[in-house]
Trainee: 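Okay, handing you the structure first.
Note that these values count all heavy atoms, side chains included, but never hydrogens, waters or copies made by symmetry. All values reported here derive from a predicted model rather than from experimental measurement.
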Amino acid sequence: MSQNKADFLLFTAAFVWGSSYGFMKLGAETMPPVSIAALRCLFAFFILLPFFMKRLRKTDGKILKYSAITGFLIAGVFIGVIYGVIGTSASTAGFLISTSVIMVPILHGLWIQRMPSFPIMLGTAIVTAGLFILNGVTSISLDKGFVLCLLAAFLYALDILFTNTFVSKVDSLLLGLWQMGFAGIIAGAVSLLLEAPRLPHTLPEWTAILGLAVFSSAYGFTIQAVAQEYTTPERAGFIFSLEPVFAAIFAYFFLGENMGMGELAGAALILLGVWAAGGTLKLPAWIKGR
């Protein structure tokens with residue numbers, strides 16, 4: 001797979017993740033929050049299972065170990081996001097969760113003991129400003145929600161970095177499949193401890209769970225694992241910074257939420273930041289039109 005194709009697949013993952021906020025909002029109105037995280041992952045695992053039964057025979061201890069690590073991180077992200085949003089404002093939560101794009105190049109630089117390049121640093125600064133404006137953050141207070149959202153962003157950044165390392169050592173498709181199963185089991189265990197888990201009862205609840213399972217989890221996280229084998233963690237982080245832009249677009253068209261000049265300016269800055277990282281993040285040919 002070429003790097004351009006991998007970037008395009010990550011772009012589609014960010015696109016479907018942008019739709020997940022609407023499904024989460026729909027489900028969280030009546031369902032226990034951590035149950036949503038557990039069910040979306042378990043359903044995604046069983047949806048993917050029939051398509052890759054023959055490939056599952058190649059599963060070994062290394063794949064299961066790596067999948068358990070990324071599954072733990074994904075479950076932590078989902079749980080941190082759910083409880084973080086409850087404990088702080090939506091705009092602050094959206095910004096904090098999106099700071100994973102800042103953490104990825106910093107953590108990667110520490111790991112390889114090399115400072116990020118100037119284009120990466122410039123792009124990170126511009127994207128950060130765009131996230132501030134897009135999410136309408138005017139003030140930040142160090143409360144429980146702040147800490148949980150920041151922890152979720154940190155776990156998300158680690159997931160990107162660990163995935164980038166693991167896909168060079170094992171079958172990336174199997175990693176994407178098994179990590180959903182582990183994430184579901186871990187989130188399910190937390191749900192048993194913190195709430196009374198249950199299956200969806202109504203059409204809106206089933207719509208929310210299946211939408212999250214099929215698009216965000218089964219497709220999004222599996223594609224992330226497969227595509228990251230052919231690109232860098234910095235590129236992945238920058239592409240994933242487009243997720244709140246897509247979330248705002250979906251909210252406008254399907255939830256009736258207005259996009260003001262601030263949101264449009266923030267989205268434009270995020271796109272500019274992605275372009276500014278041109279030293280390592282060049283636009284794919286399908287965007288350039290050639």
Trainee: What salt bridge (Lys or Arg N to Asp or Glu O under 4.0 Å) pairs are there with at least one residue in residues 177-190, not counting sequence neighbours?
Mentor: none
Trainee: With Y230, which residues qualify under side-chain hydrogen bond (donor to acceptor under 3.5 Å, both in side chains), at least two apart?
Mentor: none
Trainee: Only counting residues at least two apart or in another chain, list the ones meeting side chain to side chain contact (heavy atoms under 4.5 Å, CB included) with A152.
Mentor: V81
Trainee: May I have all residue pairs that pass ring-ring contact (aromatic ring centres under 6.0 Å, His included) and include part of residues 47-75, sequence neighbours excluded?
Mentor: Y66-F166
Trainee: Any chance you could measure I69, atom CD1, to I74, atom CD1, to the nearest 0.5 Å?
Mentor: 12.0 Å
Trainee: Rounded to the nearest 0.5 Å, what separates atom CG in L161 from atom CG in L73?
Mentor: 10.0 Å
Trainee: Quick one: salt bridge (Lys or Arg N to Asp or Glu O under 4.0 Å) pairs with a partner in residues 208-225, sequence neighbours left out?
Mentor: none
Trainee: For a quick test of your reading: what N or O donor-acceptor pairs under 3.5 Å do the side chains of residues 31-42 make, sequence neighbours left out?
Mentor:
from: S35; atom 1: OG; to: S191; atom 2: OG; distance (Å): 3.1
from: S35; atom 1: OG; to: E195; atom 2: OE2; distance (Å): 3.0
from: R40; atom 1: NE; to: S217; atom 2: OG; distance (Å): 3.1
from: R40; atom 1: NH2; to: S216; atom 2: OG; distance (Å): 2.5

Trainee: Strictly by salt bridge (Lys or Arg N to Asp or Glu O under 4.0 Å), give each pair with a member in residues 158-184 just once, sequence neighbours left out.
Mentor: R55-D171
Trainee: What distance do L48 atom CG and M53 atom CE have between them, rounded to the nearest 0.5 Å?
Mentor: 12.5 Å
Trainee: Would you compute the distance between atom CG of L174 and atom OG of S67 and round it to the nearest 0.5 angstrom?
Mentor: 7.5 Å
Trainee: Is there a donor-acceptor contact under 3.5 Å from the side chain of S168 to the main chain of T165?
Mentor: yes
Trainee: Does L203 share a hydrophobic cluster with L210, counting links as ILVMFWY side-chain heavy atoms below 4.5 Å and allowing steps through other members?
Mentor: no
Trainee: Does Q228 use its side chain to pair, donor to acceptor, with the backbone of A236 at less than 3.5 Å?
Mentor: no
Trainee: Taking only distance into account, with no hydrogens and no angle test, what donor-acceptor pairs under 3.5 Å do side-chain atoms of residues 177-188 form with protein atoms, sequence neighbours excluded?
Mentor:
from: W178; atom 1: NE1; to: T59; atom 2: OG1; distance (Å): 2.9
from: Q179; atom 1: OE1; to: T70; atom 2: OG1; distance (Å): 2.9
from: Q179; atom 1: NE2; to: F221; atom 2: O; distance (Å): 3.3

Trainee: Grab the two heavy atoms, one from I223 and one from A13, that are nearest each other, plus how far apart they are.
Mentor: CG2-CB, 4.4 Å
Trainee: Would F78 end up clustered with L192 when hydrophobic side chains under 4.5 Å apart are linked, directly or stepwise?
Mentor: no
Trainee: Quick one: does V167's side chain get under 4.5 Å of T163's, heavy atoms only?
Mentor: yes
Trainee: Salt bridge (Lys or Arg N to Asp or Glu O under 4.0 Å): which pairs involve residues 217-226, sequence neighbours left out?
Mentor: none
Trainee: Mind listing the closest non-hydrogen atom pair of I47 and P50 along with its distance?
Mentor: O-CD, 3.3 Å
Trainee: Any side-chain heavy atom of L194 within less than 4.5 Å of one from I79?
Mentor: no
Trainee: Working to the nearest 0.5 Å, report the span between CD1 of I160 and CG of L155.
Mentor: 11.5 Å
Trainee: Can you list the residues that meet the salt bridge (Lys or Arg N to Asp or Glu O under 4.0 Å) rule with E205, with sequence neighbours excluded?
Mentor: R198
Trainee: From T12 OG1 over to F215 CZ, what is the distance, rounded to the nearest 0.5 angstrom?
Mentor: 12.5 Å
Trainee: So does F43 have more than 12 non-hydrogen atoms from other groups sitting under 6.0 Å from CZ?
Mentor: yes
Trainee: Please identify each residue that fulfils side-chain hydrogen bond (donor to acceptor under 3.5 Å, both in side chains) with N164, with sequence neighbours left out.
Mentor: none
Trainee: Give every residue pair that meets the side chain to side chain donor-acceptor pair (under 3.5 Å) criterion with at least one member in residues 180-190, sequence neighbours excluded.
Mentor: none
Trainee: Under the side-chain contact (heavy atoms from CB on, under 4.5 Å) criterion, do T222 and L175 qualify, and how do the steps go?
Mentor: CA-CA 8 Å; T222 303; L175 176 71; over 6 Å; no
Trainee: Within the distance-only criterion (no hydrogens, no angle test), does the side chain of T231 pair as donor or acceptor with the backbone N or O of A227 below 3.5 angstrom?
Mentor: no
